[in-house]
Amino acid sequence: MRRTRPWEDPREGVNAMSAQDAPRDGEPFPLSTLRHSVSHLMASAVQKLYPGVKFGFGPAIEHGFYYDLDLPEPLEEKDLRAIEKEMERVAKRSPQMVCETVTRDEARRRLEAKNQTYKLEALELIPQGEAITVYRHGDWEDLCEGPHVDRLDRKFHFKLLNIAGAYWRGDEKRPMLQRIYGTAFWSKDELDQHLKWLEEVKLRDHRKLGTELDLFSTHGDAGAGFVFWHPHLGAVRRAIEEFMYQEQVRRGYEFVYTPHVLREDLFKTSGHLENYGEMMYEGFGIETTRYRVKPMNCPGHVMIYATRAHSYRDLPLRMAELGTVYRFERSGVLHGMMRVRGFTQDDSHIFCTPDQLETEIAGVVELVDTVLRTFGYTYTAYLATRPEKAIGSPEIWERATKALRGAAELRQLPLELDEGGGAFYGPKIDFKIKDSLGREWQMSTVQCDFNLPERFDIHFTDSDGQQKRPIMVHRAILGSMERFIGGLIEHFAGKFPLWCAPKQVALIPIREEHTAYCKKLEHELRQDLYRVDCMDAPGHMNNKIKEAQHFQIPFMLIAGEREAAEGTVAVRRRGTREQQVMPFSEFKALLDRLRKTRSLELV
RNA sequence: GCUGCUGUAGCUCAGUGGUAGAGCACUUCCUUGGUAAGGAAGAGGCCAUGGGUUCAAUCCCCAUCAGCAGCUCCA
């Protein structure tokens with residue numbers, strides 16, 4: 001799953017960008033043009049302040065722009081403020097932007113004169129015969145295809161946001177430049193709104209909430225990239241696992257468990273060692289044999305399939321496992337729960353005949369829809385077709401791709417095309433969800449695989465008595481528990497719906513003598529498997545209310561003399577300050593309904 | 001892994017070349033309170049780890065580990 005960042009690369013962000021990109025409000029230029037021009041403005045200001053600077057690329061991106069720079073000294077946060085000031089000055093002093101078409105030789109001559117080595121390389125990237133343009137304002141000019149705004153003294157607002165390293169041309173073998181990210185809008189209001197959004201993103205960060213709500217931890221002492229689930233998040237995970245278990249059993253899945261450590265030879269057979277070896281941890285010996293920790297669950301499931309002969313009547317076989325896998329990730333990419341070295345996939349492999357492929361995929365598409373909607377996610381599906389390097393005959397690719405399309409049609413699922421984006425072993429549909437902050441994530445996936453059945457030489461006996469090759473469908477709905485639930489923390493901002501909330505009910509006695517009543521209710525709810533806390537430690541009621549609120553507990557039940565006498569509870573819903581007195585039985589009925597329907601609301 | 005930054009109490013963070021502080025949390029006592037912080041006292045730190053520089057290092061330098069913003073790569 002990939003996260004689309006506020007300053008996401010334009011290749012990823014094209015769709016999101018186009019929506020806000022139409023010129024409006026009498027502005028003759030689209031927002032992306034403004035941002036591209038502001039990146040030029042920034043570059044020229046940097047040039048003024050750091051005369052030796054060399055320039056890389058400086059495009060507009062989804063939420064702003066960046067420019068890559070080669071500077072002898074590392075920039076600091078405070079330097080950005082100085083650059084912003086200089087930008088204001090330059091915009092005032094030399095607002096006119098001019099485009100000039102030049103010959104290739106002329107462009108080269110000018111860049112050489114300024115020793116702009118990266119730009120010279122960029123010049124070589126422009127195909128022969130294409131127009132070469134230079135954009136200039138004041139005494140600063142840039143090799144650039146444009147377009148740009150006409151004047152820099154138009155009314156707009158910008159802010160430089162952060163500094164980071166970035167490889168020249170995105171290639172880790174090339175030098176690393178310094179990248180300054182910024183953003184720009186036509187109105188102050190929109191800029192402020194965007195900055196507020198960035199703040200909100202920060203507040204919801206699952207790592208921050210993870211500490212505040214006592215959800216999970218990672219430990220340098222225990223090793224980077226390994227998640228410790230605390231009781232609170234354990235409850236969330238448990239609820240979601242049960243939900244997934246039920247939904248899958250309903251759809252004919254059967255649950256299996258496979259070992260975490262397997263013979264190295266098995267990964268030779270599966271091809272993982274060859275194709276995925278860099279992601280796998282070193283092997284180790286047990287007696288005279290080499291073993292590996294599994295990076296994927298597929299070989300284990302194939303082992304189970306291969307234990308006996310299968311008839312076409314057995315198929316499809318839908319094998320599911322919450323399979324924990326371990327993969328090597330470079331230290332710099334680790335990120336809270338989102339990018340880790342050990343994680344549990346809600347994995348499944350469907351062994352089916354080519355004829356069953358379409359129906360099976362349609363079933364997965366339906367399951368994806370059910371699950372994602374339960375969490376309030378909307379999503380987009382992408383059909384990823386045959387890449388350059390692929391195994392399997394064109395006919396079978398054709399057939400599988402057709403099955404994917406057919407399944408989507410059956411479920412009335414619109415497909416975006418991701419040409420050549422398939423795995424080498426088969427085509428797939430990926431689902432990108434949109435969270436409550438409007439960010440896109442790659443999550444569910446359903447993939448056809450012709451490779452593993454071939455490698456493990458598994459078959460089934462068809463109705464004509466012939467031995468045939470089954471197709472394996474790999475599918476994950478949540479992806480991994482770590483990444484999914486990490487995303488969920490941010491999606492809900494720690495305010496989980498009742499059914500999967502860490503603690504569902506807090507019971508608060510007004511005075512110590514009301515504890516017995518609260519304890520009784522606690523017991524009753526707990527017998528019905530509710531996660532409930534009677535806050536009976538000595539201390540003030542107000543403090544307990546504050547604590548329950550801090551932990552985003554959906555319901556507080558406050559009980560004193562009146563309630564104990566009448567068998568009622570004073571209910572306070574998360575997010576409100578009002579209380580509502582009702583019979584306990586009525587409250588219990590509300591709970592039951594919210595849990596049963598997995599309601600996203602508390603009413 | 002790479003570039004830059006960071007690592008001080010459970011959490012959030014001040015601070016200093018002469019062995020440390022705040023708020024919240026925690027403990028104890030007082031307070032029995034009807035809906036977002038009652039009062040008082042107390043405990044808690046080998047200042048990430050290992051080297052160096054220095055009479056002296058939490059502070060300066062180097063390395064390691066971990067984290068943060070990105071890049072590259074991914075569930």
Side-chain angles (χ1 to χ4, degrees), chain A residues 1-3 5-9 66 68 70-71 73-77 79 161-181 202 205 207-208 211-212 214 217-225 276 278-279 295-297 323-347 430 441-445 474 476-484 486-487 508-514 538-550 556-563 570-572 576-579 581:
Chain A
M1 183 163 75
R2 189 191 159 85
R3 174 168 170 169
R5 297 190 168 275
W7 38 80
E8 186 61 272
D9 190 275
Y66 67 76
D68 286 343
D70 187 359
L71 289 160
E73 289 294 313
L75 288 169
E76 290 173 46
E77 208 65 33
D79 298 325
L161 296 170
N162 53 357
I163 309 156
Y167 298 112
W168 166 235
R169 296 179 60 192
D171 182 345
E172 63 183 323
K173 293 190 184 62
R174 295 185 211 253
M176 181 155 285
L177 309 178
Q178 294 189 67
R179 175 173 294 181
I180 302 178
Y181 285 97
K202 238 188 243 165
D205 190 309
R207 294 164 300 181
K208 184 177 159 68
T211 307
E212 284 174 11
D214 196 10
S217 54
T218 56
H219 302 266
D221 297 337
Y276 207 73
E278 282 180 8
M279 299 291 286
M296 290 193 191
N297 303 303
T324 303
V325 296
Y326 293 87
R327 299 182 186 173
F328 170 70
E329 295 284 0
R330 301 206 279 182
S331 56
V333 308
L334 301 175
H335 183 92
M337 302 182 72
M338 303 298 218
R339 194 74 183 272
V340 293
R341 288 178 173 156
F343 55 95
T344 301
Q345 297 180 302
D346 67 320
D347 207 355
D430 286 328
W441 313 68
Q442 150 77 43
M443 191 162 290
S444 317
T445 182
H474 304 248
I477 311 294
L478 308 178
S480 84
M481 298 311 288
E482 283 74 7
R483 194 174 273 189
F484 183 82
I508 302 174
I510 289 175
R511 277 202 311 279
E512 231 171 276
E513 65 234 54
H514 310 129
H540 281 253
M541 178 185 64
N542 284 356
N543 222 10
K544 293 175 187 175
I545 291 172
K546 192 186 152 217
E547 194 186 326
Q549 235 153 23
H550 170 81
M556 275 180 238
L557 302 186
I558 300 164
E561 255 149 73
R562 288 200 297 276
E563 288 79 7
V571 179
R572 227 173 111 146
T576 71
R577 298 186 70 151
E578 294 97 57
Q579 55 163 341
V581 179

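Reminder, nothing fancy here: chain letters follow the sequence lines and each chain counts from 1.
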Which nucleotide sits closest to the side chain of A:Tyr167: B:U32, B:U72, B:A69?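 Nearest to the side-chain atoms of A:Tyr167, counting from C-beta on, is B:U72.
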Side chain of A:Phe343: nearest nucleotide among B:A37, B:C2, B:A75?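 Closest nucleotide to the A:Phe343 side chain: B:A75.
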Distance between [atom1] atoms of [N] and [M] (Å, rounded):
N: B:A48; M: B:A40; atom1: C1'; answer: 36 Å
N: B:G45; M: B:G21; atom1: C1'; answer: 11 Å
N: B:U3; M: B:C62; atom1: P; answer: 14 Å
N: B:G50; M: B:U58; atom1: C1'; answer: 15 Å
N: B:U27; M: B:G33; atom1: P; answer: 23 Å

Return whichever of A:Glu212 or A:Tyr276 has its heavy-atom-nearest nucleotide of RNA chain B closer to the 5' end.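 Its nucleotide being nearer the 5' end, the pick is A:Glu212.
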Do the side chain of A:Glu329 and the base of B:A75 come within less than 3.5 angstrom through a donor-acceptor pair of N or O atoms?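 In this structure, the two groups form a donor-acceptor pair.
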When only distance counts, do a donor and an acceptor, one from the side chain of A:His540 and one from the base of B:U32, lie under 3.5 Å apart?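 No pair found.
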May I ask you to say what [X] touches in the nucleic acid, namely base, sugar-phosphate or nothing, with a heavy-atom cut-off under 4.0 Å?
X: A:Gly560; answer: base
X: A:Glu278; answer: nothing
X: A:Gly479; answer: sugar-phosphate

Applying side-chain hydrogen bond (donor to acceptor under 3.5 Å, both in side chains), run through A:Arg169 and A:Tyr167 and close with a yes or a no. CA-CA 6 Å; A:Arg169 296 179 60 192; A:Tyr167 298 112; over 6 Å; no
Can you tell me the Watson-Crick or wobble partner of B:U19, both distances under 3.5 angstrom?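 The answer is none; no pair meets the criterion.
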